[in-house]
Amino acid sequence: MIVRRSAAVLAVTAVIGGATAPAALADDASPSASPSRAFPSALYGSTDPTYDGVWRQSLALLAQHTTGVRPAAKAVDWLTGQQCASGAFAPYRADASAKCDAKTMVDTNNTAAAVQALAALGGHDAEVGQAVRWLKDVQNKDGGWGYTAGGASDTNSTSVVIGALTAAGTEPKEQTKSEKSPYDALLALSVPCDKTGGGAFAFQPDKKGALAANADATAAGVLGSLGEGFVIEAAGKASKGSGESKGSECASGDSFTPADAAHNGASYLAAALAKTPYLKSAMPGAKPQPDYGNTADAVVALAAAGSTSATAGPLAWLEKNSGVWAAKAGPAAYAQLIFAARAAGAQPRDFGGVDLVEKLGATGPAAQTPSRDSATAEPDAKRVDHKSTFNVWWLVGVCLVAGIGIGFLLSRRNKRQQL
């Protein structure tokens, strides 16, 4: 789910400057850092954070927390310092002391990711509350969210916001606009069983209102339909999913529920991963390539839905093949792999012989305390109580709607090759 944000926001440049986002951004890699620029030492990753700073910071902090690591205080302070007075977050603000204005491109995805991270860390009720209020204010009348305020609802944005609401203690089904909840928005984006790609989720309807199956949106939609965020309980402990008990039959009918949509989406992913142990993506005109991030997200989604047997193949493939990708893509990639390992009951500290926790830690400031001996031990929220030195507000993307008339641009994940 989740989210290849850097390629998404680079699309802004494509819209404004008439350029096309380079195919080299395919495996979630952020734009290369300029050797003449210095980036904050509190930030995870060494590449240009313009398009994914808050996103990768949020995932890194959350992944460390889930593995018992107490992140560096300055890393947490950097994140809270990125928040605007409205409560929203932009992908990156180089001068966090400057007030946000109409030109500050805040979005729902960065905001929701920051909420999930700060809520897990604890001690940030004010920042979390302000961010959630902003998310509620920009909810669409269909119950969902687009990448930016006012943008057409999409599966990925709606799902990451659902995860933020859950993390902040708000029941998603009770968050309505025009009597529509986020779940109503996701149900409307579930591809009907009798259509091509039936059971999957579409990113958004096309210009004619048709829904096309999208693997990235499906992984996100499964989690969103279950009311889950980036982090779920280990395999065998998830209580909301029932993928294996329902079999692979596509559910439909007048009583179609979010749980049915999640089941259908998980079945679609399981079928795709039964053909090859990884999902694929392709830029227009390019040959399909393994999509490591989407495959990791699919493992989390399958585990959340209770389809635990379907996680074995893709998880083993990731253990064997994801090292080069993660090293190139950086902290968000390591976080995705940690989430997948934990969800499927594997060990993040011994993932194909690699210590993902150590690798992630090496991309940012030194943690306050080392992780516990058990890589799957639940962290004690009371251990972390960071206060922002800026006392400002906060937060992440992929569809992109310029709220002041620039127009809409779907992210890379909307262009993924249909399976």
Side-chain angles (χ1 to χ4, degrees), residues 1-3 5 9 49 52-62 65 71 75-93 96-102 104-140 143-151 153 156-172 174-177 182 223-224 227-231 332 381 384-398 401 403:
M1 177 177 93
I2 299 195
V3 290
R5 294 331 193 217
V9 189
D52 72 340
V54 165
W55 179 262
R56 76 195 195 202
Q57 191 83 348
S58 299
L59 267 64
L61 294 174
L62 185 57
H65 177 74
V76 182
D77 287 343
W78 182 89
L79 180 58
T80 57
Q82 290 287 301
Q83 191 175 32
C84 295
S86 65
F89 284 76
Y92 176 70
R93 295 196 297 131
S97 65
K99 292 184 178 181
C100 299
D101 57 24
T104 305
M105 298 297 290
V106 298
D107 65 80
T108 60
N109 286 228
N110 281 286
T111 303
V115 167
Q116 292 192 47
L118 294 176
L121 291 172
H124 299 283
D125 291 349
E127 292 92 336
V128 169
Q130 188 74 354
V132 169
R133 281 190 289 274
W134 182 81
L135 289 169
K136 291 179 178 180
D137 287 344
V138 300
Q139 184 179 17
N140 292 331
W145 286 265
Y147 181 73
T148 57
S153 297
N156 296 66
S157 298
T158 299
S159 296
V160 73
V161 174
I162 287 176
L165 294 175
T166 298
T170 296
E171 175 53 58
E174 296 176 359
Q175 178 52 42
T176 61
K177 182 69 70 73
L223 286 177
E228 297 281 7
F230 298 139
V231 178
V384 181
D385 187 21
H386 303 308
K387 300 295 182 180
S388 171
T389 57
F390 298 102
N391 193 27
V392 240
W393 322 94
W394 56 303
L395 170 4
V396 80
V398 157
V401 184

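All values below come from the heavy atoms of this structure, side chains included, with hydrogens, waters and symmetry mates left out. Remember, it's a predicted structure, so these values are computed and weren't measured experimentally.
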*Asks:* Could you check if a side-chain atom of Lys136 sits within less than 4.5 angstrom of a side-chain atom of Thr170, using non-hydrogen atoms only?
*Replies:* yes

*Asks:* Please find the pair of heavy atoms, one from Ala112 and one from Ala164, that lie closest to each other, and give the distance.
*Replies:* O-CB, 3.6 Å

*Asks:* State, yes or no, whether a side-chain contact exists between Gln116 and Ser58 at a heavy-atom distance under 4.5 Å.
*Replies:* no

*Asks:* Got a second to check how far Glu171's CD is from Ile162's CD1, nearest 0.5 Å?
*Replies:* 10.0 Å

*Asks:* Of all heavy-atom pairs between Asn140 and Gly151, which one has the smallest distance, and what is that distance?
*Replies:* ND2-O, 2.9 Å

*Asks:* Begin from the C-alpha positions of Trp78 and Val54 and carry the test side-chain contact (heavy atoms from CB on, under 4.5 Å) through to its verdict.
*Replies:* CA-CA 9 Å; Trp78 182 89; Val54 165; 4.2 Å; yes

*Asks:* Search all heavy atoms of Gln82 against all heavy atoms of Arg93 and return the closest pair with its distance.
*Replies:* OE1-N, 2.7 Å

*Asks:* Which pair of non-hydrogen atoms, one from Gly227 and one from Thr166, has the smallest distance, and what is that distance?
*Replies:* O-OG1, 2.9 Å

*Asks:* Evaluate the side-chain contact (heavy atoms from CB on, under 4.5 Å) criterion for residues Leu223 and Val160: first the C-alpha distance (whole Å), next the side-chain angles of each, then the deciding distance (0.1 Å), finally the verdict.
*Replies:* CA-CA 9 Å; Leu223 286 177; Val160 73; over 6 Å; no

*Asks:* Relative to each other, are the rings of Phe230 and Trp55 parallel, tilted or perpendicular (30° and 60° limits)?
*Replies:* perpendicular

*Asks:* After noting the C-alpha distance and the side-chain angles of His124 and Val76, does the key distance pass the side-chain contact (heavy atoms from CB on, under 4.5 Å) rule?
*Replies:* CA-CA 10 Å; His124 299 283; Val76 182; 3.6 Å; yes

*Asks:* To the nearest 0.5 Å, how far apart are SG in Cys84 and NZ in Lys99?
*Replies:* 12.0 Å

*Asks:* From Asp77 CG over to Thr80 OG1, what is the distance, rounded to the nearest 0.5 angstrom?
*Replies:* 5.0 Å

*Asks:* Looking only at atom types and distance, does a side-chain atom of Thr158 sit under 3.5 Å from a main-chain N or O of Trp145, one as donor and one as acceptor?
*Replies:* yes

*Asks:* As an exercise, state the distance from CG of Leu61 to CZ of Arg56, rounded to the nearest 0.5 Å.
*Replies:* 12.0 Å

*Asks:* Side-chain contact test, heavy atoms from C-beta onward, threshold under 4.5 Å: evaluate it for Pro71 versus Leu121 and give yes or no.
*Replies:* yes

*Asks:* Is a donor on one side and an acceptor on the other found under 3.5 Å between the side chain of Ser159 and the backbone of Asn156?
*Replies:* no

*Asks:* Any side-chain heavy atom of Tyr92 within less than 4.5 Å of one from Asp52?
*Replies:* no

*Asks:* Which atom pair, heavy atoms only, marks the closest approach of Gly87 to Trp134?
*Replies:* C-CB, 4.3 Å

*Asks:* How close do Thr108 and Gly146 get, counting heavy atoms only, and between which atoms?
*Replies:* OG1-O, 2.7 Å

*Asks:* Within the 4.5 Å heavy-atom criterion, are Thr104 and Asp101 side-chain neighbours or not?
*Replies:* yes

